[in-house]
Amino acid sequence: QVQLVESGGGLVQAGGSLRLSCAASGRTFTGNPMGWFRQAPGKEREFVAAIYFSGGNTDVADSVKGRFTISRDNAKNMVYLQMNSLSPEDTAVYYCAARRGMNIDKRPLAYAYWGQGIQVTVSS
């Protein structure tokens, strides 16, 4: 059984920072790309960031580039999303996801495992 559990969300003022964490259990994810997605009310789930298994190759959505950073600690089976300079437009439920494949992918359907999601609310 694969489990992904997000933590670190909450309410923050515009311009503030949050760090999301994703704990993976049930199997090792050293060889799997991991991703973060988000879904705002009434909108489709969208790609935020993804990281290759080694941690050396990442991809970040244009909307968060320069503000969000994805990282991972394979020894701890953890993936992180550091979010800086947050704006109300970043308000959404954020999801951690893991692929079975070997490459980074921006499509939600490419990810087999998902966390339950965590709310991030940015007030103006």
Side-chain angles (χ1 to χ4, degrees):
Q1 185 71 17
V2 173
Q3 288 187 329
L4 300 175
V5 180
E6 302 96 340
S7 61
L11 175 64
V12 64
Q13 289 187 335
S17 298
L18 282 175
R19 187 196 195 202
L20 301 184
S21 299
C22 173
S25 62
R27 57 165 289 176
T28 59
F29 283 86
T30 305
N32 296 82
M34 303 285 291
W36 285 97
F37 292 79
R38 67 185 183 185
Q39 189 165 17
K43 295 187 177 181
E44 293 186 351
R45 190 167 299 188
E46 66 172 357
F47 171 78
V48 176
I51 187 165
Y52 198 50
F53 73 93
S54 67
N57 189 17
T58 65
D59 195 3
V60 181
D62 289 342
S63 59
V64 304
K65 195 164 292 183
R67 301 187 298 121
F68 290 13
T69 303
I70 186 171
S71 61
R72 68 189 294 167
D73 184 339
N74 289 333
K76 297 181 179 179
N77 272 0
M78 295 290 294
V79 180
Y80 306 99
L81 184 68
Q82 178 66 44
M83 305 185 295
N84 299 327
S85 300
L86 285 161
S87 72
E89 290 71 33
D90 296 314
T91 295
V93 176
Y94 284 71
Y95 297 89
C96 174
R99 290 204 66 206
R100 289 198 184 104
M102 298 302 292
N103 298 318
I104 286 176
D105 201 303
K106 296 182 179 182
R107 301 168 300 160
L109 58 83
Y111 291 76
Y113 307 106
W114 291 85
Q116 80 286 354
I118 193 163
Q119 179 69 45
V120 171
T121 302
V122 184
S123 63
S124 57

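For this chain, numbers begin at 1 and follow the sequence in order.
- The salt bridge (Lys or Arg N to Asp or Glu O under 4.0 Å) analysis of residues 115-124, with sequence neighbours excluded, yields no pairs.
- When all heavy atoms are compared, the tightest approach of Trp114 to Pro108 is CZ2-O, 3.3 Å.
- Considering only residues two or more places apart in sequence or on other chains, Phe47 meets the ring-ring contact (aromatic ring centres under 6.0 Å, His included) condition with Phe37.
- Rounded to the nearest 0.5 Å, atoms OG1 (Thr69) and CG (Leu81) are 8.0 Å apart.
- Scanning all heavy atoms of the two residues, the minimum distance from Trp36 to Cys22 falls at CZ2-CB, 3.7 Å.
- With rounding to the nearest 0.5 Å, the separation of SG in Cys96 from CD in Gln3 is 12.5 Å.
- Hydrophobic clustering, with ILVMFWY side chains joined whenever heavy atoms are under 4.5 angstrom apart, keeps Tyr52 apart from Met78.
- The minimum heavy-atom distance linking Leu18 with Leu86 is given by the pair N-CD1, 3.8 Å.
- Remark: side-chain polar atoms of Thr91 are paired, donor with acceptor, to backbone N or O of Val122 under 3.5 angstrom.
- Contact detail for Ala92 and Ala40: the closest heavy-atom pair is CB-N, 3.8 Å.
- A single hydrophobic cluster is seen to contain both Tyr113 and Ile51, as judged by linkage of ILVMFWY side chains at heavy-atom distances under 4.5 Å, directly or through other members.
- For the atom pair Ser25 OG and Asn77 CG, the distance stands at 8.0 Å (nearest 0.5 Å).
- Below 30°, between 30° and 60°, or above 60°: for Phe68 and Tyr94 the angle between ring planes is between 30° and 60°, a tilted geometry.
- If you take CZ on Arg72 and CG on Asn32, they are separated by 7.0 Å, rounding to the nearest 0.5 Å.
- Considering only residues two or more places apart in sequence or on other chains, Thr121 meets the side chain to side chain donor-acceptor pair (under 3.5 Å) condition with Gln119.
- Here the CG atom belonging to Asn57 is positioned 4.5 Å from the CD1 atom belonging to Ile104, to the nearest 0.5 angstrom.
- Residues Tyr111 and Ala97 approach most closely at CD2-CB, 3.6 Å, considering heavy atoms.
- Shown here are the salt bridge (charged side-chain N to carboxylate O under 4.0 Å, His left out) partners of Asp90, two or more places apart in sequence or in another chain: Arg38, Arg67.
- Remark: Ser71 engages Tyr80 in a side-chain contact (heavy atoms from CB on, under 4.5 Å) (not counting sequence neighbours).
- A donor-acceptor pair is defined here as one N or O able to donate and one able to accept, closer than 3.5 Å; such a pair exists between the side chain of Arg99 and the backbone of Ala110.
- Under the salt bridge (charged side-chain N to carboxylate O under 4.0 Å, His left out) criterion, Arg100 pairs with no residue at all, not counting sequence neighbours.
- For Asn84, the side chain to side chain donor-acceptor pair (under 3.5 Å) criterion is met by Ser17, Gln82, not counting sequence neighbours.
- Counting all heavy atoms, side chain and backbone alike, Ala24 lies closest to Leu4 at CB-CD2, 3.6 Å.
- One hydrophobic cluster, built from ILVMFWY side chains closer than 4.5 Å, cannot hold both Val120 and Tyr95; they sit in different ones.
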(message) Between Leu20 and Glu6, does the side-chain contact (heavy atoms from CB on, under 4.5 Å) criterion hold? Intermediate values first, please.
(response) CA-CA 7 Å; Leu20 301 184; Glu6 302 96 340; over 6 Å; no
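- Looking at heavy atoms from C-beta onward, Pro33 lies out of side-chain contact with Asp105 at the 4.5 angstrom threshold.
- With contacts defined as side-chain heavy-atom distances shorter than 4.5 Å, the pair Met83/Val12 does not qualify.
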